[in-house]
Amino acid sequence: MNGSRGRAGLWLILAIVVALIALGLHSRGFLQPVEAMLSQLLLPVQAGLSRAAAGLGDMVAFWQELGNLRQENRQLREENERLRAWYIQLLEAANENRTLREQLGFRQAFPSYDLLPAEVIGKTPNNFATQLTVAKGSNDGVQEGAVVVFSPPASSQGEASPPLAVIGRVIAVSPATSRILLVTDPSSSVNGLVQGSRALGVVSGSRGGRLTMRYIPQGESISVGDLILTSGLGGNFPRGLPLGTVISVRQKDIELFQEAEVLPAVNMDRLEIVFIIRNFIPTPAE
Amino acid sequence: MNLSLALVSLVLATALDTTIAPHLSLIGIRPDLVLLIVVATSIVRGGEEGIVWGILGGFLLDLYSGVPFGLSIVALAITAYLTKVGEDNLFSHVLVLPLAAAFVGTVVYDLILMAGLQAAGRPIDWGEGLLHVVVPSAFLNAILMPVVYVIVRQLHHWVHRPVRVKM
């Protein structure tokens, strides 16, 4: 028994050495061809399993949510009515904004985005990181740092599309696939602002797929129901894209900053198609 | 050790871990199929082979995992080694061993991931992580382990002679 445990110990040491070598090779980019080859190899398998998994996920979710359907239905109806009224106001504001800008000769505030639809084919295989793999890569014009959004489908009546919501950004690209860091990942941080008061803060991922907005100065107004948008500061994300809605505020007079818990604008667990903005170039870090 | 079996099994398990497993989540926690396969292999084929499966499985996971590269390799290898230690010293009952190995193995695996992420500068809330991720994940993996163990044992029985091969 001691002999076999000694041999196992040697194998364990070998595993640690292999891990360190792999870390070194990966940090220098030598494993990129291997990643690209495996991504290409697994792409059809992942795509097929992912589509099957979406159906399985719907079945599992159905049984999980069955008990809450009636209440959720009522809440959704109320929210739908509120959002419709808000949407009409936004359309009016957008029309007025466009007219004023034309009159003043301003350039268009929100450029038209070159959106590349990408199918989600995989998610992080652990409980600590929140990333997606999509079936578009450098062959499709995707670059590292590209912003990823979700766009609800436009209505058939020809209304203007509702605003895009931020999903995350591309952190690794291979010829046929890309890896996206979701905004709900604890290592993600996005400069945000409160739509109403324009208070600034930093939005980062937190447990349970939520977002936390930190470093909101004391005295700034923020309350439950406020919409949080990207501020554009830092240059990693375009300005004015929805991140989520405030669901609670933590404020103590003895602290310098307030914090708010934010419900993401998009349910990250149900993403099947996302959109990569190809013509927004993030500002390189100095 | 049958390298082809290891590669095919682990590539398929990685594909399942990135596609099907997220949809099997309960209270936001998903199972770790590659981990369960490595632990089951350590029990069926011995710790040395389990460690090799851990190296291969960890390499595949690290290509998709979003954790510092090499961390999954170390975590799975240590888990496979401790499975052997546990089998030698603590658990010999045929029904208890896979469940206990899955539970303890998950705890060890997740703790190593959390330590590695913190060492890499990622924010880690240890209390939240232990209470809301590690413990529920250990229970979920232990529940799934009987199924995985039977499949792995049968697979190895088909491919190998039903004895442990000394490495």
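A note on names: the letters A, B, ... follow the listed sequences, proteins ahead of strands, and every chain is numbered from 1. Computed from a predicted structure; not experimentally measured.
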Heavy-atom distance under 4.5 Å to chain A: side chain of [X], backbone, both or neither?
X      : result
B:I55  : side chain
B:L35  : neither
B:I78  : both
B:L113 : side chain
B:A15  : both

Over all atoms of both residues, closest heavy-atom pair of B:Y64 and A:S39: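 What the structure gives for the nearest pair is OH-CA, 3.9 Å.
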Minimal non-hydrogen separation, A:A15 against B:A77, with atom names: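 Nearest heavy atoms, A:A15 then B:A77: CB-CB, 3.4 Å.
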message: Counting neighbours of CD on A:Q251 that are heavy atoms of other residues, nucleotides or ligands and sit closer than 6.0 Å, is the number greater than 12?
response: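 Yes, enclosed.
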message: With a 6.0 Å cut-off (strictly less than), is the heavy-atom count around CD of A:E72, excluding the residue itself, greater than 12?
response: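 Enclosed.
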Residue selection (most heavy-atom pairs with chain B, distance under 4.5 Å) from A:L31, A:V120, A:L132: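 When all of A:L31, A:V120, A:L132 are compared, A:L31 has the most.
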Checking heavy atoms, do the side chain of [X], its backbone, both or neither come under 4.5 Å from chain B?
X      : result
A:L42  : side chain
A:Q131 : side chain
A:I21  : neither

field: chain A-proximal positions within residues 135-144 of chain B [heavy-atom distance under 4.5 Å]
entry: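 Checking residues 135-144 of chain B against chain A gives B:S137.
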Part of residues 116-129 of chain B lying next to chain A, heavy-atom separation under 4.5 Å: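 Under the 4.5 Å heavy-atom cut-off, B:L117, B:R122, B:P123, B:E128 qualify.
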- prompt: Is any side-chain heavy atom of B:I51 less than 4.5 Å from a side-chain heavy atom of A:L14?
  reply: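 The answer is no, as the side chains (C-beta and beyond) never meet within the 4.5 Å cut-off.
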